[in-house]
Amino acid sequence: MERTLVKDLRKKVGEVVTIQGWLQKLRDQKKMQFLVVRDHTGAVQVVFEKAASEELAARISGITAESAIRVTGMLIDNPIVKLGGLELQLQSVEVENLAETPLPLDPFAEALPDMDYRLDWRYLDLRRPEVALIFRVQTTAEMAMREYWIKEGFREMHSPKIMGSPSESGAELFEVQYFDRTAYLSQSPQFYKQMAMSAGYDKVFEIGPVFRADPSFTSRHMTEFTGVDVEISWVDSHEDVMKFHEEWLAYVYNRVKEIHGEEIQALLGVEVVVPATPFPRLSMSEAYAILKAQDYALPPERKGDIDPGGERLLGKYVKEKYGHDFVFITDWPIAVRPFYHMRHSDNPGLTRSFDLLANGLEITTGAQREHRVDVLMKQAAEKGLTAGPIQFYLDFFKYGCPPHGGFGMGLNRMVMVLLGLTNIREATYLFRGPNRLSP
RNA sequence: GGGGGCGUGGUGUAGCGGUCUAACAUGCGGCCCUGUCAAGGCCGAGAUCGCGGGUUCAAAUCCCGUCGCUCCCGCCA
């Protein structure tokens, strides 16, 4: 018999239907058996009167929690049932996969185990509706991003993740054995998306894996994460990039809110707030002045940068002053930005760059890129980079490369902030960190 | 790489020098139970208190080391 999803049951009252899912709860009484069966769309109560068949009743008694089962029965409307006022009167049941007992992780236990233990048994943890929701939201968010990109004439690209030479610093690269030589895992599609500008692609995006060999132990870092990269030709400044970014992100928030807003509120207790555009902007020097005025002590050796504590404080400041969750921090000093960021013509110490802070967390870095090859080479040299390994990159700018700019956003960080999660592991299907390579 | 915190039945916690022959909740197993729905009741199994050393008459409890996890800083998305 054809499968009916739990969310569609209401329309089939009075019919015999088959559902497939997991036995969430069995309340085995003397005369009656109640089963709560859940699929990925919801849960429903199934009932069986033992007197109808002792043999069938005994089989039901043997089904363990979280077993994968298929149940067929008559669907009736029953207002007494608290779970949706529906009840499936069981006629037959098939156990597709009996769950062993006890479960190493009970998805419906009231107390949640440690994150690390949850990751060990992630497939059971992912059965929890609130966790499943995170990845339904992520799917919607990516769909919305693409909707907006396609509407704006972007092309999707997939750049290689195996690199022949360390690109920027080399410090945070993973080495991989590549036949008889060494290759590296890509820590950014930066160079390749710029190549697309030189190729005349005009506007591109890529959603793909990014690898960082940083031994970071925080609630917001991973060694492998999903990067969302955008690059746009013919921009006049980083302001054009920010303009695109904020409109695009507001669209994504809007779509997530209209599709999942109520459920996010119900399951995660978070109100999705679609950000107003334009987002507030603070130049680096303004940001510095604000922090100074609040007596925030920036580490002296980190002149020109803002530490995470400072970012959180700025997020709080913007929330209070502008009632906004986002803020662009612009015009970063050249010392803390890579060589390919374009510099201000009237202030060569500052770059045409920005970071986007969401609730005080850095989720994006962007800039207008330097497309004049002579200037680019000079800036690379200043940063101590030798032309050799990046010659292929420098060549992109020799044969008619338009002015351009773009940004890289962390998908997991965005989802984390969007849903008010406190740990990036929550917003990641399978976390990868310095000490975590499985499952 | 630097610093802080934590490590007690499957899971989450309590206990923080002797009353611990380690408690509670949940889960698990068994029995019972007018339709249950955070079901309920009774019974039971399950922990050499991360590991090693030390202090003490006495250590889950204090000290040192070690391992694991976690958070913060650095780095970034």
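Scope of the values below: all heavy atoms of this structure, side chains included, with no hydrogens, waters or symmetry mates. In the text below, chain A, chain B and the rest are named by the order of the sequence lines, each starting its count at 1.
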Under 4.0 Å between a side-chain N/O of A:Asn423 and OP1 or OP2 of B:U70, yes or no? no

Could you run down the sub-3.5 Å N/O contacts of the protein with nucleotides 41-47 of chain B?
none

For A:Arg155, give me all partners under side-chain hydrogen bond (donor to acceptor under 3.5 Å, both in side chains), at least two apart in sequence or on another chain. none

Taking N or O atoms only and anything under 3.5 Å, show me the protein contacts with nucleotides 23-32 of chain B, one pair per line.
none

Every stem of 3 or more Watson-Crick or G-U pairs under 3.5 Å that RNA chain B joins, in order of first number, is B:1-7 with B:67-73, B:10-13 with B:23-26, B:28-32 with B:40-44, B:50-54 with B:62-66

Where the side chain of A:His221 is defined as all heavy atoms beyond and including C-beta, which of B:C72, B:G1, B:C76 is the nearest nucleotide? B:C76

Heavy atoms from C-beta onward define the side chain here; which of B:C33, B:C37, B:G10 lies closest to that of A:Val81? B:C37

Suppose you measure atom C1' in B:C20 against the same atom in B:G15; what distance do you get, rounded to whole Å? 9 Å

Starting at CE of A:Met32 and ending at C1' of B:A39, how long is that distance when rounded to a whole Å? 14 Å

Contact list please: residues 131-143 of chain A against RNA chain B, heavy atoms, distance less than 4.0 Å, in numerical order. none

Looking at residues 66-73 of chain A, who's got a heavy atom less than 4.0 Å off RNA chain B? none

Looking at the base of B:C76, is there any donor atom on it, or on the side chain of A:Ser216, that sits under 3.5 Å from an acceptor on the other one? no

For the side chain of A:Arg220 and the base of B:C71, is some donor closer than 3.5 Å to an acceptor across the two? no

Between A:Ser283 and A:Ser285, a side-chain donor and acceptor under 3.5 Å: yes

